[in-house]
Amino acid sequence: MKPWAFALACLALCACADQQEQELKRAASWSATALAVARYWLQGDLPDTYAKHALEKASEELAKGPLPDASEPVNEMIEAIGKRDQLAMRRLIADLEKR
Amino acid sequence: MNKSVDLVRDVLDTQVLDREQRPLGKVDGIGLELREGAQPRVAYLEVDGVTAWRRLGERVARWAQKLARCWERDGHPFRFTWSQVRDFGIDIEIEVDGERSAPFDLEHWLREKVVGRIPGGR
Amino acid sequence: MKKLLGITLGIVTSIGGFLDVGSIATSAQAGAAFGYSLLWAVLLGTICVIFLVEMSGRFSIVSGHTIVDAIRKRFGFAGFIVPFAATLLVNLLVLASELGGICVALQLLTGIRFQLWALPVGLAVWLLLWFATFDVVEDGTALLGLVTLCFLVAIFTLGAQPRELAAGFVPRLPSEEHAHYLFIAVSIIGATIAPYLFLFYSSGAIEDKWDKSFIAPNRFIATFGMSFGSIISMAVIVVAALALKPEGIRVEEYEQAALMLVPAFGRWGFYLFVASLAIACFGAALELSLASAYSVSQAFGWNWGENLKPRQAARFSMAYTLFIALAALIVLSGLNPMKLTLFSMAITAVILPLTALPFLVLMNDARYMREHVNSHFSNIVVLLIVLLSAILAVVAIPLEIIGSK
Amino acid sequence: MSRVIELQRYIGKPVRDADGKDLGHLHEVRAHREGAELLVHEFVVGGAGLFERFSVAQLAFEVGFIFGIGRVQGFVVPWDCMEFPEDGKPRCTRRASELKRFSAERPEGK
């Protein structure tokens with residue numbers, strides 16, 4: 001067993017150990033992104049096209065991640081933007097924050 | 001100009017300029033004539049892409065040769081003799097009109113086939 | 001008076017031209033994930049690039065050669081071809097990242113997928129090079145590049161704490177995620193010491209016909225131009241640390257980075273980010289295409305120069321045309337732009353010794369530099385930073401690949 | 001009779017002396033002007049400063065020079081003692097002991 005092969009193997013091992021932890025972090029980051037986009041949109045700081053596009057990306061990533069159900073409120077946010085329904089958006093923000 | 005010339009350090013891979021100071025290419029090869037009982041003399045200096053690539057190996061040279069055939073007018077590489085050298089310093093200036101020499105074949109080919117056809121390439 | 005104009009122009013172009021997709025992407029990720037703690041990487045990269053840029057200007061001034069031209073003459077065709085090919089390949093990846101950056105900016109603005117912008121953006125870059133002259137290209141994009149000063153302004157509006165900022169300049173490993181930290185550090189260094197920067201600068205010195213009187217101004221331009229430029233790069237880290245980290249947003253895609261100026265400028269924040277990304281990348285794409293065409297022409301001894309019309313330098317013009325086309329195809333293939341950028345920057349750090357070390361040998365060769373040879377101090381600084389970043393990169397890239405699987 | 005060789009294909013190649021011992025690589029060809037001609041008077045073998053192929057070791061060797069590590073040394077072979085056979089391997093007809101050695105701090109400046 002060549003030394004570098006052994007080193008690579010244990011690197012790979014510890015890499016996947018914190019794999020789950022990485023996944024959780026990514027999901028948390030994407031839901032935080034969705035929240036930020038929604039909040040800035042509510043304040044009128046973000047154009048609709050970008051807000052919708054960013055939320056679609058967020059829900060896509062969340063669906064792949066460990067907490068896929070978090071992508072539902074994000075999808076509803078996208079519709080809220082389409083309908084310019086600020087009230088629904090506030091409710092959805094609260095809902096996503098609880099998760 | 002001082003008398004001694006180191007062929008590798010001062011001549012090989014040195015930039016060659018034509019009569020109007022236009023860049024012609026690099027010295028890619030040196031032809032050395034070995035004579036019986038007399039000092040070897042520099043027969044010619046060569047500016048040719050294929051010669052340069054041949055320094056990396058035959059296979060590479062074959063590829064370069066295939067490619068070069070599309071734009072080369074006459075098959076043999078461009079050579080000049082030491083007597084044609086007008087100025088020798090950081091670059092080598094020679095008594096040749098670059099536009100009509102072999103190293104410009106690719107330039108002419110591109111001008112006609114491509115650049116000439118694109119608007120604004122005038 | 002002409003010299004003064006030359007100096008100010010030199011500094012302005014370095015500021016405007018410094019920031020590119022690499023610095024924005026790596027700094028945004030660094031700030032969002034690790035706060036201020038990667039500022040040292042920008043500083044280290046900047047110190048090295050100041051030396052390299054000053055040396056490349058001095059080299060062209062004293063020897064009358066450009067770097068690529070001289071490396072081939074000094075090491076021979078067979079010795080020169082491997083570093084040359086490696087640099088060209090990396091330049092292609094970085095150019096693809098730059099074009100990708102512009103396409104992503106347009107995607108953020110319009111919602112249309114970035115691949116669809118690949119060909120129009122490639123065409124726009126090519127058109128400017130085909131029709132404009134060197135001065136218009138270099139000065140125009142750099143002046144536009146000053147929009148990136150908005151990151152600097154954002155620091156003050158967001159109120160960064162100077163004491164914490166200073167702590168970021170001391171390198172120390174974070175509590176966890178060492179592999180990713182190392183990878184981002186290396187990508188930052190690769191983004192800061194981009195070889196095309198000093199290759200472009202050396203060709204520019206020849207194109208602008210700098211003579212011996214430019215030795216002192218050259219040192220001034222290199223030092224202040226690069227330092228101001230890197231301050232903006234650091235500003236991106238600070239803004240990301242203040243605007244994204246507290247919210248828990250880690251930058252994996254440009255969509256997330258686009259939020260970072262909103263807290264500072266409100267509605268304008270988003271548009272300023274998109275403008276900075278697009279302009280910085282456009283300027284860098286122009287410089288990179290020219291730098292690559294320069295190095296190919298100088299390697300084979302062809303006539304070169306952006307001031308020449310395409311008809312006068314067909315091989316030079318076709319070189320950058322082919323280069324832009326290939327890069328646009330890479331973007332068209334839909335590779336993730338952020339990942340492509342980070343890896344291109346890390347690979348730049350890996351192959352840095354292949355360009356910087358032959359150049360260092362030239363800077364100490366009296367035949368080229370006469371009495372202006374390098375001082376021992378600059379030799380040591382460049383050697384240490386170049387070797388350090390290459391070793392770090394060789395370690396960091398495999399770890400990142402394993403980590404991200 | 002005389003023969004024309006492509007000098008660039010021998011540059012950087014290893015050179016053997018009369019006993020078959022390796023003298024080093026063919027590193028430089030010193031010539032001088034005679035009227036309109038350029039005549040070779042000696043070959044320099046061994047030493048550094050030339051890549052036959054790119055090699056990291058060679059680059060490290062060159063960088064070492066900058067910091068005064070290592071020396072350029074080798075042999076000076078007069079023109080009439082060097083042969084260039086068809087197989088592309090240059091050969092010296094004298095023994096290493098009979099040749100003038102040279103040793104310098106770093107590749108000689110202009």
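The figures that follow rest on heavy atoms only: side chains count, while hydrogens, waters and symmetry mates do not. So that the names make sense, note that chain A is the first sequence line, chain B the second, and so on, each numbered from 1.
Counting heavy atoms of neighbouring residues, nucleotides and ligands inside a 6.0 Å radius, atom CZ of B/Arg79 exceeds 12 of them. More than 12 heavy-atom neighbours from other residues, nucleotides or ligands sit within 6.0 angstrom of NZ on B/Lys66. With a 6.0 Å radius and a threshold of 12 heavy atoms from other residues, nucleotides or ligands, D/Arg91 has its CZ atom at or below the threshold. Counting heavy-atom neighbours within 6.0 Å of B/Glu36 CD, excluding the residue itself, gives a total of 12 or less. Atom CZ of D/Arg95 has 12 or fewer neighbouring heavy atoms from other residues, nucleotides or ligands inside a 6.0 Å radius.
Each of B/Glu33, B/Gln39, B/Arg35 has some count of heavy-atom pairs under 4.5 Å with chain D, and the biggest count is that of B/Gln39.
B/Leu32 contributes atom CG, which lies 6.5 Å from atom CZ of D/Phe84 (distance to the nearest 0.5 angstrom). Atoms CD and CZ, on D/Glu37 and B/Arg41 in that order, are 4.0 Å from each other to the nearest 0.5 Å. Atom CG of B/Leu7 sits about 8.5 Å away from atom CZ of D/Phe43, to the nearest 0.5 Å. To the nearest 0.5 angstrom, B/Ser4 atom OG is 6.5 Å from D/His41 atom NE2.
At least one side-chain heavy atom of D/Gln8 sits less than 4.5 Å from a side-chain heavy atom of B/Leu12. B/Val5 is listed as a side-chain neighbour of D/Leu38, based on a closest heavy-atom distance under 4.5 Å. Proximity of B/Arg54 to D/Arg9: side-chain heavy atoms (C-beta onward) are separated by under 4.5 Å at one or more points.
Looking at B/Asp28, only its backbone comes within 4.5 Å of chain D, counting heavy atoms on both sides.
Judged by distance alone, with hydrogens and angles left aside, the side-chain atoms of D/Glu28 form a donor-acceptor pair with the main-chain N or O of B/Arg9 at under 3.5 Å. Between the side chain of B/Lys3 and the backbone N or O of D/His32 there is no donor-acceptor pair closer than 3.5 Å. The backbone N or O of B/Gly31 sits nowhere less than 3.5 Å from a side-chain atom of D/Glu6 that would complete a donor-acceptor pair.
Between B/Ala38 and D/Trp79, the closest heavy-atom pair is O-CZ3, 3.1 Å.
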Start with the C-alpha distance between B/Phe88 and D/Arg33, add both sets of side-chain angles, then the distance that settles side chain to side chain contact (heavy atoms under 4.5 Å, CB included), and finish with yes or no. CA-CA 12 Å; B/Phe88 169 67; D/Arg33 273 182 253 271; 3.9 Å; yes
